[in-house]
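Everything below concerns the one structure shown next.
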Amino acid sequence: MNKTKIAIIGGGPAGVMCAIKASENPENEIYLFDKGIILHTLIPTGGGRCNLAYSEFNFKELAKYYPRGEKFLYSIFSRFSTKETLDFFEDIGITTYTQDDNRIFPTTNSSKSVKEALMKKLYKNNIKKCFEQIINITKTKEKFVLETVKNSYFFDKVVIATGGKGSGQKLAQQLGHNIKELKPALCSLITKEKYFSNLSGLSLKNIKADVSFDNKKTKKLNGDFLFTHKGISGPIVYKISSYCAYLDFSETKPLEINLNLVNKSFEHFDEEFLNELKQNPQKESLTVLSEYIPKNLASILFEKEKIDPKTKSGQLKRTDREKISKLITSLKLHATKTVNGEEIVMAGGVDLNEIDSKTMESKVVKSLYFCGEVLDIDGLTGGFNLQNCWSTGYIAGISLL
Ligand SMILES: Cc1cc2nc3c(=O)[nH]c(=O)nc-3n(C[C@H](O)[C@H](O)[C@H](O)COP(=O)(O)OP(=O)(O)OC[C@H]3O[C@@H](n4cnc5c(N)ncnc54)[C@H](O)[C@@H]3O)c2cc1C
């Protein structure tokens, strides 16, 4: 009896999950194409520890962490989300633990161990690996024709799981799909302000930010923050870059970011600061402010307002104190662009209106499926992007059974 020949283009987390599931039917013959090394993109995840999921077990709540794709993911997550992911990994020998911030990691703390377990499963399920780049794809009445530089291959069904970098989106376009423009998300930002470049590497825990563009407030966010040589980074900045991925900000029209470094209102902080200054009249004002924020940052804020940091606390003028309190509770920075090339994920991809979320099959071309970051789905940091791969990869895989 003739087997169903299935090509999965892309051996990243989504393609591999799909291959493992689809191969459970012995009538399927699975060919996994990758232009490079299978699962090489899994190795750097979670700083080498692989943040493979997030501890949120309510599927609607989980979907809220996706700036693009939230509604589309409902039916997918209702069938395969955090619990099913952890069960799947336990079945292949990967136990996990949850950090205080709800991020889930393998007990080994090693993305290599996750890769090895998945590779073992690929071997066990007899999946054929093809180390070639697919550069062209067409469909005749019955078959898909996949072209590499040297060869043409014929398949009954095809899954595109090529990630967010654009090559699979081109293949999808060749087959008549609409592509939402690709934009970097989860990345650092370059700012107009350079006065803090000496603070590069300094981080602040769980601060608040709100963002405005074109005089419109967009989002209120919180998270850890990092100064870099040319701008800002860290989880809160990744969130900003994600929510603002489609705002056209620039040197002339920057994104205004308002940081609250102490999570307190101006009035609340100013009163506390005043009391601290009163209780320590002989101390330098800088020393008192350093109770609230790192000393080198405090020093730069004094410098910015042209206030002598050595001023004795008892002699700090009210107007100067208020200037400092204002900066601490509302430090305005202006992002001019994203740091391209270092993004963790790309926003945009294959238009979700053209995909059936119950099967991951294209509504435009029969027997063509998609999963992972190639789609117009992206999440915040915290394990959400891999969760998208496991879930959409699983649904595509079982639809091929
Ligand atoms: C540094 C870093 C850290 C990250 N950490 C995390 C984390 O901890 N948790 C989390 O949830 N997410 C994390 N992410 C995001 C996550 O890694 C991606 O969202 C995920 O890898 C996307 O998986 P994918 O299978 O859709 O595509 P990819 O992982 O990009 O895999 C696509 C594969 O397809 C192959 N390919 C592409 N085009 C072709 C073609 N034409 N022919 C043949 N092969 C092709 C590529 O070689 C690649 O192997 C991180 C990303 C980065 C960059």
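The structure presented is a predicted model; accordingly, all values stated were derived computationally and were not measured. Atoms within each ligand, like the ligands themselves, are counted from 1 in listed order.
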Is there any N or O on [X] that sits under 3.5 Å from an N or O of ligand 1?
{"X": "T41", "result": "yes"}
{"X": "L386", "result": "yes"}
{"X": "C389", "result": "no"}
{"X": "E343", "result": "no"}

Salt-bridge criterion met for [X] and [Y] (N-O under 4.0 Å):
{"X": "K220", "Y": "D210", "answer": "yes"}
{"X": "K21", "Y": "E24", "answer": "yes"}
{"X": "K129", "Y": "D34", "answer": "no"}
{"X": "E70", "Y": "K64", "answer": "no"}
{"X": "K120", "Y": "E116", "answer": "no"}
{"X": "R103", "Y": "D101", "answer": "yes"}
{"X": "D356", "Y": "K363", "answer": "no"}
{"X": "D156", "Y": "K5", "answer": "no"}

Could you tell me which atoms of ligand 1, counted from 1 in the order shown, lie closer than 4.0 angstrom to a heavy atom of [X]?
{"X": "P44", "result": "3 (C)"}
{"X": "G46", "result": "5 (N), 6 (C), 7 (C), 8 (O)"}
{"X": "E132", "result": "43 (C)"}
{"X": "H40", "result": "47 (O), 48 (C), 49 (O)"}
{"X": "G383", "result": "9 (N), 10 (C), 11 (O)"}
{"X": "E373", "result": "18 (C), 19 (O), 20 (C), 22 (C), 26 (O)"}
{"X": "F384", "result": "11 (O)"}
{"X": "G12", "result": "25 (O), 29 (O), 31 (O), 33 (C)"}

Judged on heavy-atom distance to atom 14 (N) of ligand 1, which of I344, N385, I37 sits nearest? I344

Say whether S391 and Q387, considering side chains only, have a donor N or O and an acceptor N or O under 3.5 Å apart.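 Yes, a side-chain donor-acceptor pair sits under 3.5 Å.
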
Have S55 and N102 got a donor and an acceptor in their side chains that come within less than 3.5 Å?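 Side chains of S55 and N102: no pair found under 3.5 Å.
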
Determine whether the aromatic ring centres of residues [Y] and [X] are separated by less than 6.0 angstrom.
{"X": "H177", "Y": "F370", "value": "yes"}
{"X": "Y153", "Y": "F33", "value": "yes"}
{"X": "F80", "Y": "F59", "value": "no"}
{"X": "F144", "Y": "F154", "value": "no"}

Check whether any heavy atom of P13 sits under 4.0 Å from an atom of ligand 1.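 Within the 4.0 Å threshold, so yes.
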
Report the nearest protein non-hydrogen atom to [atom]: residue, atom name, distance rounded to 0.1 Å.
{"atom": "atom 9 (N) of ligand 1", "result": "N51 O, 2.9 Å"}
{"atom": "atom 38 (N) of ligand 1", "result": "S167 OG, 2.7 Å"}
{"atom": "atom 42 (N) of ligand 1", "result": "I134 N, 3.0 Å"}
{"atom": "atom 34 (O) of ligand 1", "result": "G10 CA, 3.2 Å"}
{"atom": "atom 48 (C) of ligand 1", "result": "D34 OD2, 3.4 Å"}
{"atom": "atom 25 (O) of ligand 1", "result": "A14 N, 3.0 Å"}
{"atom": "atom 13 (C) of ligand 1", "result": "T45 CG2, 3.9 Å"}
{"atom": "atom 30 (O) of ligand 1", "result": "G163 CA, 3.6 Å"}

Quick one: look at N388 and ligand 1, take heavy-atom pairs under 4.0 Å, and tell me if it's side chain, backbone, both or neither. neither

